[in-house]
**Student:** 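Sharing a structure here in structure tokens format.
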Amino acid sequence: MAVSLTARQGALAGLLTATAGFVDGLAFIHLGGYFVSFMSGNSTRAGSDLATGDLRGWALAMGLVFFFVVGVVLSSLAVHLREARSGRQLPAGPRSTAVWVSLALLLAAAVCASVPALLVAVPPVIAAGMGAVNGTFTRAGEVTVGLTYMTGTLVKTGQHLAHALTGGSRTVWLRYLALWAAIAVGSIAGAVTYQAVGLAALWVAVLLLLGPAVLLSLRHRRLP
């Protein structure tokens with residue numbers, strides 16, 4: 001949960017969430033109203049498309065859901081294999097491996113976007129990358145902070161705001177609100193950038209992930 005994060009981890013979560021919003025914002029426009037990180041939205045689109053006879057839209061929405069889950073699987077396997085290779089469970093904290101998997105997938109999507117014959121591969125690869133980044137904050141194989149879906153985060157915001165109004169902590173709700181704000185601001189930036197440069201905006205997302213991936217890897221190297 002966001003409340004358990006240190007200030008540095010909170011900043012990392014905010015950056016990754018803003019990146020997810022950036023990618024979702026540009027992809028939403030590119031795909032004409034479908035998502036690459038918000039799978040509840042795609043599930044609703046799939047249902048409405050099927051009900052109205054839009055089989056192409058249904059297939060697109062369900063395909064994005066499928067590849068999002070593929071990204072989660074790839075990220076989880078990568079983290080598991082790294083722990084198995086080291087012979088011990090990694091200490092609590094963000095997993096650089098998950099960020100690297102997400103980065104590699106977004107890099108692949110950016111490359112595909114520059115090759116006309118490979119444009120069809122861009123949306124599913126992006127969706128996989130967004131699924132993969134959710135493996136960054138995990139404990140015992142379970143996600144502790146969801147980075148690309150904010151419904152639960154808004155529920156936590158409301159709950160902790162209620163606690164604040166009834167004598168509880170006055171600031172905890174702000175941590176959850178900050179995550180929501182990160183994805184909202186990121187989506188605006190992604191949409192604006194896409195309208196300016198098209199799918200080349202994916203290179204911005206690659207750069208946004210590169211810094212955290214390198215810094216986390218350096219941190220893990222210093223751990224005993």
Side-chain angles (χ1 to χ4, degrees), residues 2 5 7-31 34-39 41-42 64 67-68 70-72 74-75 78-79 93-113 122-138 143-154 175-219:
L5 300 180
R8 185 173 298 178
Q9 291 172 347
L12 172 64
L15 175 58
L16 296 178
T17 297
T19 304
F22 182 94
V23 173
D24 214 19
L26 71 88
F28 184 84
I29 297 177
H30 179 72
L31 295 173
Y34 294 85
F35 306 90
V36 290
S37 70
F38 179 49
M39 293 302 116
N42 281 341
L64 292 169
F67 281 100
F68 182 90
V70 168
V72 175
L74 291 175
S75 177
V79 172
R95 304 304 197 220
S96 63
T97 305
V99 182
W100 280 112
V101 172
S102 180
L103 174 61
L105 288 166
L106 285 185
L107 178 61
V111 172
C112 289
V122 174
V125 176
I126 297 176
M130 292 297 93
V133 79
N134 284 288
T136 303
F137 292 93
T138 57
V143 173
T144 56
V145 180
L147 298 174
T148 70
Y149 39 94
M150 291 295 114
T151 303
T153 299
L154 287 175
R175 298 190 182 187
Y176 292 98
L177 184 64
L179 274 181
W180 171 83
I183 204 165
V185 172
S187 66
I188 295 172
V192 170
T193 307
Y194 176 81
Q195 292 181 84
V197 299
L199 284 176
L202 287 170
W203 291 104
V204 176
V206 169
L207 292 176
L208 288 173
L209 284 185
L210 181 60
V214 172
L215 290 176
L216 284 175
S217 294
L218 293 175
R219 171 184 173 272

**Student:** Can you check whether Leu64 reaches Phe68 side chain to side chain, under 4.5 Å on heavy atoms?
**Tutor:**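 Leu64 does not reach Phe68 side chain to side chain.
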
**Student:** Looking at every heavy atom in both Leu12 and Pro212, which two are closest together, and how far apart are they?
**Tutor:**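 Reported closest heavy-atom pair: CD1-CB, 3.6 Å.
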
**Student:** Does any non-hydrogen side-chain atom of Val204 lie less than 4.5 Å from one of Leu26?
**Tutor:**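 Heavy-atom side-chain distance check fails, nothing below 4.5 Å.
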
**Student:** If you define the side chain from C-beta out and look only at heavy atoms, does anything of Val36 sit under 4.5 Å from Leu31?
**Tutor:**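 Val36 vs Leu31: side chains touch.
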
**Student:** Measuring only between side-chain heavy atoms, which start at C-beta, is Met130 closer than 4.5 Å to Leu106?
**Tutor:** yes

**Student:** Give the minimum heavy-atom separation between Thr148 and Ala20, together with the two atoms involved.
**Tutor:**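 Closest approach of Thr148 to Ala20: CG2-CB, 3.7 Å.
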
**Student:** Could you list the residues that satisfy ring-ring contact (aromatic ring centres under 6.0 Å, His included) with Phe35, not counting sequence neighbours?
**Tutor:** Phe28, Phe38

**Student:** Report yes if the side chains of Val122 and Cys112 come closer than 4.5 Å at any heavy-atom pair, otherwise no.
**Tutor:**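 Yes. Closest side-chain heavy atoms under 4.5 Å.
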
**Student:** Would you mind reporting whether Leu103 and Val133 have side-chain heavy atoms less than 4.5 Å apart?
**Tutor:** no

**Student:** Any chance you could measure Leu16, atom CG, to Leu209, atom CG, to the nearest 0.5 Å?
**Tutor:**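 One finds 6.5 Å between CG of Leu16 and CG of Leu209.
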
**Student:** How many angstroms lie between atom CG of Leu177 and atom OG1 of Thr153, to the nearest 0.5 angstrom?
**Tutor:** 10.0 Å

**Student:** Of all the heavy-atom pairs spanning Ala109 and Ile126, show the shortest one and how long it is.
**Tutor:**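 It is CB-CG1, 3.6 Å.
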
**Student:** Compare all side-chain heavy atoms of Leu107 with those of Trp203 and state whether any distance is below 4.5 angstrom.
**Tutor:** yes

**Student:** If you compare all heavy atoms of Ala191 against all heavy atoms of Ile29, which two are closest, and at what distance to 0.1 Å?
**Tutor:**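 Closest heavy-atom pair between Ala191 and Ile29: CB-CD1, 3.5 Å.
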
**Student:** Could you check Val72 against Phe67 for side chain to side chain contact (heavy atoms under 4.5 Å, CB included), going step by step and ending with a plain yes or no?
**Tutor:** CA-CA 9 Å; Val72 175; Phe67 281 100; over 6 Å; no

**Student:** Restricting to non-hydrogen atoms, name the atom on Phe137 and the atom on Gln9 that form the minimum distance, rounded to 0.1 Å.
**Tutor:** CZ-O, 3.7 Å

**Student:** State whether the side chain of Thr193 and the backbone N or O of Gly190 hold a donor-acceptor pair below 3.5 Å, judged by distance alone.
**Tutor:** no

**Student:** Check whether Ser217 reaches the backbone of Ala213 with its side chain - one donor and one acceptor, N or O, closer than 3.5 Å.
**Tutor:** yes

**Student:** What residues form a ring-ring contact (aromatic ring centres under 6.0 Å, His included) with Tyr34, not counting sequence neighbours?
**Tutor:**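 Result, ring-ring contact (aromatic ring centres under 6.0 Å, His included) vs Tyr34: none returned.
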
**Student:** Calculate, to the nearest 0.5 Å, the distance between atoms OG1 and CD1 belonging to Thr19 and Ile183 respectively.
**Tutor:** 10.0 Å

**Student:** Are any of the side-chain heavy atoms of Asn134 and Ser75 separated by less than 4.5 Å?
**Tutor:**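 No, side chains not in contact.
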
**Student:** Considering non-hydrogen atoms only, spot the tightest contact between Val23 and Ala205 and give its length.
**Tutor:** CG2-CB, 3.6 Å

**Student:** Working to the nearest 0.5 angstrom, can you tell me the gap between Leu210 CG and Trp100 CH2?
**Tutor:**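 So the gap between those two atoms works out to 5.5 Å.
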
**Student:** Roughly how far, to the nearest 0.5 Å, is OH of Tyr149 from CG of Leu179?
**Tutor:** 11.5 Å

